[in-house]
Number of protein chains: 2
Amino acid sequence: MYPHEQTENTKELKARVEAFKALCRSRSLRVTEQRLEIFRTLAQSKAHPSAEAVFAAVRKKLPNISLDTVYRTLASMEEAGVVFRVGLSTKARFDADLTPHYHFVCMDCGEVYDVFPQPGAPSLLVPQDINRFGEVKNANLQFRGICNRCRAAAGKEK
Amino acid sequence: MYPHEQTENTKELKARVEAFKALCRSRSLRVTEQRLEIFRTLAQSKAHPSAEAVFAAVRKKLPNISLDTVYRTLASMEEAGVVFRVGLSTKARFDADLTPHYHFVCMDCGEVYDVFPQPGAPSLLVPQDINRFGEVKNANLQFRGICNRCRAAAGKEK
DNA sequence: AACCTTGTTAAGAATAATTCTTATGTTGAA
DNA sequence: TTCAACATAAGAATTATTCTTAACAAGGTT
């Protein structure tokens, strides 16, 4: 890596960390060393690390951090929209309907709903350069959010 | 459900089961009661059941079936392209890059690669009626397949 | 129809991923 | 500085999935 690139990256990283701090404050989430370090790690990585991998990296700076803190923090960062979770919740679900359609998955209860493309909509186009990585077997488009039932339930309990 | 619908559905189910048997034979997979019952259960369900849920349903017909058999069978059915797995493998991965892009996920090693949309490509359009189900927080398009590294490794071991 | 060969299964132990419990520590508002 | 609320570490507990092993059964062969 060239020095000027490093400078650029360092600048950008600092800016992102500041933005993260501001976001935390705006949500009345406390700015802890653990949260900052986890965010820095993730913001610097291009490897889509697992919770375990983030844990290993952060540990070098904060040897006493617990894996649970990493899980909790990643979840709250996802909630805040600062990071993106690749994949889904831990439980696999299956579908025997092979006609082209997508899924709406509730981030709260895990329920899965079928979503069919609008008639006449262009079919999903696969980016060309994907073949650089390997052989594609299938595509999976899912939308995540909170289903009506969970939203209603969350409203009531207040 | 109206009687004639049931007849239609039953007919269609039988046809699908026959096709499944044929597929098994063509792949020299043995046609066992367990496989048939698991396939029937899944083909009749619109609930995107989990392995556990399939297990519970199949158990009513085959009280001695094991959960492990359900897992094994679902995996082989996915491999055969008969069912679709909603979501991903069990390990969560995270990404701090929030610019619009997709992922290519290796079904073998779990590695995640970034895939960027082609310049000028229309952005992903969200089907209108998705709002029937709840509030969408984000969209996730992923392609699954075998990455070059795993393909090479699989080739060697033969 | 009995007979193998080999793939398949049940049972339960083992592992992997994630979450919970509880006591202690820390942030940031007053 | 004080203190309430929130966050953390540690490790136990839970959940989801996979492995191990011995018994079993499918389907080709005789």
Task: B:D68 CG - D:dT21 P separation (whole Å) - done: 14 Å

Open item on the list: What is the distance, to the nearest angstrom, from the CZ atom on A:F94 to the P atom on D:dA16?
Closed with: 13 Å

- [ ] Start with the C-alpha gap between A:D97 and A:T99, add the side-chain angles, then the distance that decides, and say whether side chain to side chain donor-acceptor pair (under 3.5 Å) holds.
- [x] CA-CA 6 Å; A:D97 181 356; A:T99 61; 2.7 Å; yes

Task: Spacing of A:Y71 atom OH relative to D:dA9 atom P, expressed in whole Å - done: 15 Å

- [ ] Take the protein atom CZ of B:R25 and the nucleotide atom C1' of C:dT6, then report the distance between them rounded to whole Å.
- [x] 18 Å

Open item on the list: Distance alone, cut at 3.5 Å: any donor-acceptor contact between the side chains of B:H103 and B:N140?
Closed with: no

- [ ] Using atom CG of A:L67 as one end and atom P of D:dT14 as the other, report the distance to the nearest whole Å.
- [x] 18 Å

Open item on the list: Please report the distance, rounded to the nearest Å, between CZ in A:R93 and C1' in D:dT17.
Closed with: 16 Å

Task: Of A:L29 and B:S50, the one whose closest DNA chain D nucleotide lies more 5' - done: A:L29

TODO: Assign the ring pair B:Y102 / B:F143 to parallel, tilted or perpendicular, where the plane angle (0 to 90°) is split at 30° and 60°.
DONE: perpendicular

Open item on the list: Using OP1 and OP2 only, check whether a side-chain N or O of B:T32 sits under 4.0 Å from C:dT9.
Closed with: yes

Open item on the list: Let me spell it out: for each of B:R30 and B:V70, pick the nucleotide of DNA chain C with the closest heavy atom. Which residue's pick is nearer the 5' end?
Closed with: B:R30

Task: A:F55 CZ - D:dT8 P separation (whole Å) - done: 14 Å

Open item on the list: Applying a 4.0 Å non-hydrogen cut-off, can you work out what B:Q34 is touching in the nucleic acid: base, sugar-phosphate, or nothing?
Closed with: sugar-phosphate

Open item on the list: Check for me whether A:R144 meets the cation-pi criterion with A:F84, that is, NZ or CZ under 6.0 Å from the six-membered ring centre and within 45 degrees of the ring axis.
Closed with: yes

TODO: Test side chain to side chain donor-acceptor pair (under 3.5 Å) on A:R72 and A:T69 and set out the steps.
DONE: CA-CA 5 Å; A:R72 254 185 303 105; A:T69 294; 3.0 Å; yes

- [ ] Identify which nucleotide among C:dA11, C:dT9, D:dA9 has an atom closest to any side-chain atom of A:I65, counting heavy atoms from C-beta outward.
- [x] D:dA9

Open item on the list: What is the separation between atom CD on B:E37 and atom P on C:dT8, rounded to the nearest whole Å?
Closed with: 18 Å

Task: Among D:dA5, D:dT8, C:dA11, the one nearest A:R72 by side-chain distance - done: D:dT8

- [ ] Just call it for B:R35: base, sugar-phosphate, or nothing, with non-hydrogen atoms closer than 4.0 Å on any strand.
- [x] sugar-phosphate

